[in-house]
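To start, the structure itself, in structure tokens.
Computation of the quantities below employed the complete heavy-atom set of this structure, encompassing side-chain atoms and omitting hydrogens, waters and symmetry-equivalent molecules. If you read the sequence from its start, that first residue is 1, and numbering goes on from there. Bear in mind that the values here come from a model prediction, so they are computed numbers and not experimental data. Note that ligands are numbered from 1 as they come in the structure, with each ligand's atoms numbered from 1 the same way.
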Amino acid sequence: MSDINRMRLADSARRIVVKVGSGVISTRKHGLIPERIQSLAGQIAELVNAGREVVVVSSGAVAAGASVLGVPDLNGIPIRQAAAAAGQSRLIWKYEKHFQARGIRVAQVLLTQDDVANRRRFLNARNTLGTLLSLGIVPIVNENDSVVVEEIKFGDNDTLSGLVATLVDADLLMILSDVDGLFTADPRKHADAQCIPTVESVTDSIRAMAGGAGSREGTGGMVTKLNAAARLSDTGIPTLLVNGTQPGTITRALAGEAVGTLFTAHASPTARKKHWLMHVARVDGAIHLDAGAAEALRSGKKSLLASGITQVTGHFEMGAGVTLCGPDGTEIGRGLTNYGADDINRIRGQHSSRIEAILGYKAYDEVVHRDNLALNDG
Ligand code: GLU
């Protein structure tokens, strides 16, 4: 990809997930490196002030907590979980302090794999992150290491950041590591190894180049980064792998400079929303709309309200994927629903202000929020 294309990508990336590896902001021996966090916060603050939305996925809890525990090594799951618990608060505090100094508010979000595998929780996590972003707040995400059990662990934050990018429908995932990018061979062993500027497709030969090489501090190696990039590429989200230990990396990358390795996306941004919905949601039922609601949705600016719903088919819960049908019964799009089928049946045709009186609760005004729906062409 030429620099022009890098420039275009950098310009158009409005919502960005920045993954910060342990090796960027900590050492096992000395814990967190505050100047690095300060530098990252400064660069991200500039992006936010320029109107971009940023979600940070940061590792470093275990490394930050190690020194607190005062034990010689971190062998075994309980001791690592204890280190994560002790370190997470220190990690978030450092971010909070440096972002606050730039006038940016942050929020901590700790996720487990259950939160994205379970669709009700998927939608909740998505709505929470979306709300934080709409308020100009930078969510700082990590895995909930201190409670999560092995079977439901993401295991590494490369995988987690890829899922977060899908969760928030990001335009770009930027992975900050302590290596310059993907090399033709392990640069620590081969002096002539070259950094590859662009990867169009994660083929077997690309995987072979990655070997087991990666960071010294973190959990993931190059392989977990390639896996995350390959998965995102299919859902239309490019991944940029850059060296976060170098000053100004984020700023340079988003000025269109050819730093690191760019894994291009296969789906176009316009097709992405639909891919996203197909990817995350199997359809469990249908909601039928009256002509006014169908028209409102087609305008692209409106959400689906209870008042425009005429009929519901299928049994589904909040968070399910649903087909949206026009008055003639044909599919006009798909969405993730904020209410289950039984509740929609009770509120259909009613004004949103009546929802609480009818159901005894009101989680949302919208039955399907416009951010969570994709319309068919035409
Ligand atoms: N969640 C871990 C931490 O904060 C890091 C996992 C990883 O290195 O990818 O320490």
Show which atoms of ligand 1 fall inside a sub-4.0 Å distance from at least one heavy-atom site of Val62.
3 (C), 10 (O)
Here the atoms of ligand 1 under 4.0 Å from any heavy atom belonging to Asp145 are 1 (N), 2 (C), 3 (C), 4 (O)
Does any N/O atom on Lys19 come nearer than 3.5 Å to any N/O atom on ligand 1?
no
Does the pair Thr203 and Ser201 meet the rule for a side chain to side chain donor-acceptor pair (under 3.5 Å), with working shown?
CA-CA 6 Å; Thr203 56; Ser201 177; 5.8 Å; no
Spacing of Met318 atom CE and Leu336 atom CG [to the nearest 0.5 Å]
9.5 Å
Please determine if Ala61 has a nitrogen or oxygen closer than 3.5 Å to a nitrogen or oxygen of ligand 1.
yes
Counting only nitrogen or oxygen atoms and a 3.5 angstrom limit, does Ala63 reach ligand 1?
no
For Ala84, state whether at least one heavy atom is located under 4.0 Å from any atom of ligand 1.
no
What atoms in ligand 1 come closer than 4.0 Å to a heavy atom of Ser22?
8 (O)
Taking Arg15 for its side chain and Val168 for its backbone only, find out whether a donor-acceptor pair lies under 3.5 Å.
yes
May I ask you to list the atoms of ligand 1 that are less than 4.0 angstrom from any heavy atom of Asn142?
1 (N), 3 (C), 4 (O)
Does Asp156, backbone or side chain, put an N or O under 3.5 Å from an N or O of ligand 1?
no
Any side-chain to backbone donor/acceptor pair from Thr261 onto Leu182? Under 3.5 Å, distance only.
yes
So is Asn157 polar-close to ligand 1, meaning N/O to N/O under 3.5 Å?
yes
Hey, is the main chain of Ser303 close enough, under 3.5 Å, to the side chain of Glu366 for a donor-acceptor pair?
no
Short N-O contact, Asp234 and Arg231, less than 4.0 angstrom
no
Glu143 side chain to Gly155 main-chain N or O, any donor-acceptor pair under 3.5 Å?
yes
